[in-house]
Novice: 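Provided herewith is a single structure, encoded as structure tokens, for subsequent inquiry.
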Protein chains: 2
Amino acid sequence: MTERAAAGARPYRGKDIDQRRAERRARLLDAALELFTSTGYQHAGIARICTLAGVSTRNFYEEFSGKEAVLCELHERINAVAMERVTAVLDEAREQEPAGRIRVLIDAFLSGVTADPRVPRLAYVEAVGVSPALERQHRRWVERWASYIASEAERVAAYGQAPSRDYRLTALGLVGAITELLRAWQAGSSSCSVSEIAEEIRELMLDAIIRRPAP
Amino acid sequence: MTERAAAGARPYRGKDIDQRRAERRARLLDAALELFTSTGYQHAGIARICTLAGVSTRNFYEEFSGKEAVLCELHERINAVAMERVTAVLDEAREQEPAGRIRVLIDAFLSGVTADPRVPRLAYVEAVGVSPALERQHRRWVERWASYIASEAERVAAYGQAPSRDYRLTALGLVGAITELLRAWQAGSSSCSVSEIAEEIRELMLDAIIRRPAP
DNA sequence: ATATTTTGAAAATTGTTGTTACCACTCTAC
DNA sequence: GTAGAGTGGTAACAACAATTTTCAAAATAT
């Protein structure tokens, strides 16, 4: 009897079943990212996604419950990757003075997220106003980013370079500023460069946090 | 012969034909605003909009080319009304010193736009990522608001309270900050009050514009 | 080699939605 | 009152998209 065939052990075309599924999933996510950001989420049909990914619709529904699930996963993944990158880089910069850490944070985030213009497009345009579930997910991430920025601000305060206060709303506003600048960058072919945006955000953020006393 | 019946002269139910059309149009826009912000733009059917407005689908297509046209007009109208209000109030405050004008600007904008939570919801959530046309329209308005803020900043600079520089990117970021705070306000039942938001935006904006020299 | 699993493509199903056409009714003009 | 324009509701239509199912071919294990 073939008892050890219990779960996904049988190779096919040289690859494990789990591996094949993972690859199809990856290809579907790639294709969806491409179509969602070119034709738009609404007008991107599942059939076209599957064609582009070289996957049948049957396999699509094997991996995802529907189109929105794909969008959710892309959104989640984009944010998670960016957050991971930022925390990793900031862990390295443990020695730096707080104001320098903020520079590092922004550079890491921006360079990561602007490497592929489709990324900000998906996260800040296509994934907006799709469903209550996605809206909640977005809100969670915004809160998370804001908390992160706020904790950095508190670090600056503890260092004595900024007043000790509640930074939650300030951080929320800064997240919005970053979002809008990236949305503009992604939309306009040549309105502004990434380095200009980085510079602007740095100034905006340091001014808002340090809030130097009036002369 | 009834020759003067050329165009919409015949009254009906006591009202002119143009007037009736205008009223239907207004009721349709109201109903659409309600449904777009409750069930979401996507899942709001034209039939339901018409029912809520007390208008037949035939009349709907007499007024609008489709659902998206309604959303466009709502978006345009919301921005136009807000802009008109702000410019009017700011015209009044011609005498004030530039920094005071910014306070006036923010208060006027926020009090106008938060009077009905559906307004920020439609402008900053539902109208996002719908179509290239709407995205362009949104972009135009963002640019317009940013220009407006930038010109106020230049006024502060001319007054000698801020450096004379290019404020375009700063203004764009500030628009984003306002947008995000309103989006959060509109989403969370009780996360933050309008006055807290107003206070935060005031500080954010003044810090960004005045950019007081480092100690 | 044969039975079995896995696969991709396409057909069938199902449901929705935008859009147009129709109809009985109301209101005005004469 | 009657003719005729204007009205709101409903039903019919067409188009499209999502999801499920079927089917035969390809690949593997024994």
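Only heavy atoms go into these numbers, but all of them, side chains included; no hydrogens, no water, no symmetry mates. Here is the naming used below: chain letters follow the sequence lines, and residue numbers restart at 1 for every chain.
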Novice: Nearest-Å distance, CD (B/Glu62) to P (C/dT19)?
Specialist: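 To the nearest whole Å, that distance equals 15 Å.
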Novice: Would you say the base of D/dG6 and the side-chain of B/Arg20 have a donor-acceptor pair closer than 3.5 Å?
Specialist: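 By the distance-only test, no, there is no pair.
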Novice: Tell me which residues in residues 125-135 of chain B lie within less than 4.0 Å of DNA chain D, going by non-hydrogen atoms.
Specialist: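 By residue number: none to list.
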Novice: Should A/Arg168 and B/Glu200 count as an ion pair when the cut-off is N to O under 4.0 Å?
Specialist: no
Novice: If you look at every heavy atom in A/Leu134 and A/Cys72, which pair is closest and at what distance?
Specialist: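 Looks like CG-SG, 3.8 Å.
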Novice: Quick one: is B/Arg24 getting a side-chain N or O under 4.0 Å of the D/dT7 phosphate, OP1 or OP2?
Specialist: yes
Novice: Distance check: side-chain N/O of A/Arg21 vs OP1/OP2 of C/dT6, anything under 4.0 Å?
Specialist: no
Novice: Can any side-chain N or O of A/Arg202 pair as donor or acceptor with the backbone N or O of A/Ile106 at less than 3.5 Å?
Specialist: no
Novice: Report the distance from atom CZ of A/Phe60 to atom P of D/dT21, rounded to the nearest whole Å.
Specialist: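 Distance check: A/Phe60 CZ to D/dT21 P gives 17 Å.
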Novice: Taking all heavy atoms of A/Arg27 and all of A/Ala53, pick out the closest pair and write down the distance.
Specialist: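 Looking at all heavy atoms of both residues, the shortest contact is NH1-O, 3.2 Å.
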Novice: What is the distance from OH of A/Tyr61 to C1' of C/dT14, rounded to the nearest Å?
Specialist: 12 Å
Novice: So does A/Arg139 pair up with B/Glu180, basic N to acidic O under 4.0 Å?
Specialist: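 Here A/Arg139 pairs with B/Glu180 in a salt bridge, since their nearest N and O are under 4.0 Å apart.
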Novice: Distance check needed: C/dT20 P versus B/Asn59 CG, whole Å only.
Specialist: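 From B/Asn59 CG to C/dT20 P: 14 Å.
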Novice: Would you call A/Glu143-A/Arg140 a salt bridge at under 4.0 Å N-O?
Specialist: no
Novice: Counting heavy atoms from C-beta on, name the nucleotide in C/dT19, C/dG8, D/dT7 closest to the side chain of A/Ser56.
Specialist: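 So the side chain of A/Ser56 is nearest to C/dG8.
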Novice: Any N or O donor-acceptor pair linking the side chain of B/Thr57 to the base of C/dT19 at under 3.5 Å?
Specialist: no
Novice: Pick the closest DNA chain D nucleotide for B/Gly54 and for A/Arg58 by heavy atoms, then say which residue is nearer the 5' end.
Specialist: B/Gly54
